[in-house]
Number of protein chains: 2
Amino acid sequence: MGLRERKKMQTRRTIRGAALDLAIELGLENLTVEAIADAANISPRTFFNYFAHKEDALVTDAAAAAVALRPHIVARPPHESPLHAVRAVITEYDPFSLVNADRKRALARQKLVQENPRLLARQLGAYAILEAEFAQAVAERLDVDPEADLRPALVASVAAAAMRVAVTRWTADDSVQLTELLVACFDELEGGLLVAGTDTG
Amino acid sequence: MGLRERKKMQTRRTIRGAALDLAIELGLENLTVEAIADAANISPRTFFNYFAHKEDALVTDAAAAAVALRPHIVARPPHESPLHAVRAVITEYDPFSLVNADRKRALARQKLVQENPRLLARQLGAYAILEAEFAQAVAERLDVDPEADLRPALVASVAAAAMRVAVTRWTADDSVQLTELLVACFDELEGGLLVAGTDTG
DNA sequence: TGCATAATTGCACAGCCTGCAAAATATCCT
DNA sequence: AGGATATTTTGCAGGCTGTGCAATTATGCA
């Protein structure tokens, strides 16, 4: 990778950092692109070279995570069920630094997102890209056509739903570890919560 | 209900109708609030009395559907599993006129939504409200606290995911009945697609 | 050093969305 | 019916987002 690309990635990170800081400090309603650009030492116009919408600088970068995770899903031991493979990768690679490094920051971001319908919508849009990528990976695992077979998309969307539920719960009450919430969610699903003929699971 | 409220609902429908027509005709990028207001015989300013964002006039009104469906979920026979109860209500009440009356129109709307990240994001945001409502209903069925127990939210989000997968597939290829896609999705889930120790389901 | 490529910036501008106050309209009560 | 009251619609002013375009600046490489 050339210096150019590295610098762009650095700028991108700087913008995201500044945006989150200011959003926490000022609240989303008082946050302007001008202020973000200022804090990141770029012109307002340049902000839009990096992000198509103001919100995109604030929500988790699911698209990047998806691309990074996809090969790992494919590479999981073949005897694992599709959901379990996705689960394993999510819990192992901590896609959004939700658990490790930036735990506090990630929590602040999620709280911000949950409180703002506009941000939430944008974040869910980003998750849709994640789902599509997961679906591709699952299709590869099952060796089926993801356009023809419903199962890859289904497994991918359910996995993403489990993630969302865990993160949402964690956002509302971070006294419990996110990891444990993730485990609980996936355990329920793999344990037959949805299976017919059960009245509670 | 007084004349006033009925008239507001009528206006709301008129705006939504005009918005969809124009979006199909012009494409989203050339659609302005001014044009919608014009077609609906209201002032541009009044448009924003009905919808906070331009996009909200175009996506499916999931919040309304959620409120309408919730009691029906609670009222399903108690021996049914939570997912099955939700499934039954979705397929029985056809929340978004996806199957019956406005099938053609609903399909056009969904295609529009799938093609536009901005619209899709907004639609997913609306689905989040639907999920929350479903979760409440499921919690009531299970007689648990939806803040404490993960299962209601999990079942609700998974059901919504199944709906989304079915609708998305239908949008890409409407030669198959949406009803059949819904059945297929829920059958997979209830049939143990996600259960541990299965390599394909 | 100098050339080619790519990123940054300024400028102009259309369109979204909001607050506010005035005008129009509906509802209610006598 | 008629007038007081509440609600809705509308116009206006204005800030902010987001985009196209062209000029400028920075980078990578021979």
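Remember, it's a predicted structure, so these values are computed and weren't measured experimentally.
Take A63(B) and apply the side chain to side chain contact (heavy atoms under 4.5 Å, CB included) test, not counting sequence neighbours, and it matches D61(B), I129(B). Taking the side chain to side chain contact (heavy atoms under 4.5 Å, CB included) definition, one finds that A137(A) meets it with R70(A), I73(A), V74(A), sequence neighbours left out. For the side chain to side chain donor-acceptor pair (under 3.5 Å) test, residues two or more places apart in sequence or in another chain that qualify with N49(A) are R45(A). With sequence neighbours excluded, the residues satisfying side chain to side chain contact (heavy atoms under 4.5 Å, CB included) with D187(A) are R87(A), V183(A). For T14(A), the side chain to side chain donor-acceptor pair (under 3.5 Å) partners are Q10(A), not counting sequence neighbours. Under the side chain to side chain donor-acceptor pair (under 3.5 Å) criterion, D56(B) pairs with R122(B), sequence neighbours left out. Here F51(A) pairs with F47(A) under the ring-ring contact (aromatic ring centres under 6.0 Å, His included) rule; sequence neighbours left out. With sequence neighbours excluded, no residue forms a side chain to side chain contact (heavy atoms under 4.5 Å, CB included) with E115(A).
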Base-contact (B) and sugar-phosphate-only (S) positions in nucleotides 21-30 of chain D, heavy-atom cut-off under 4.0 Å, - elsewhere: B----BBS--

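A close approach under 4.0 Å does not occur between any side-chain nitrogen or oxygen of T46(A) and OP1 or OP2 of dT8(C). Phosphate proximity of dC16(C) to H53(B): absent, as no side-chain N or O sits under 4.0 Å from OP1 or OP2.
In this structure, the CG atom of N49(B) is 9 Å from the C1' atom of dT10(D), given to the nearest Å. As a whole-Å value, the separation of N41(A) CG from dA7(C) P is 19 Å. If you take CD1 of I42(A) and P of dG10(C), they are 11 Å apart, rounded to a whole angstrom. As a whole-Å value, the separation of F47(A) CZ from dT17(D) C1' is 10 Å.
Axis angle across the helix from dT1(C)-dA30(D) to dT30(C)-dA1(D), with five pairs used at each end and values rounded to 10°: 30°.
Checking Y50(B) against R118(B), the closest nucleotide of DNA chain D that is more toward the 5' end is the one next to Y50(B). With the nearest nucleotide of DNA chain D identified for both K8(B) and E55(A), K8(B) has the one nearer the 5' end.
Of the residues in residues 10-32 of chain A, not one comes within less than 4.0 Å of DNA chain C through any heavy atom.
The side chain of F48(B) has dC16(C) as its nearest neighbour among dT9(C), dT17(D), dC16(C).
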Identify all side-chain donor-acceptor contacts of residues 22-38 of chain B below 3.5 Å with residues at least two apart in sequence or on another chain.
unit_1, atom_1, unit_2, atom_2, d
N30(B), ND2, L26(B), O, 3.1
T32(B), OG1, A35(B), N, 3.1

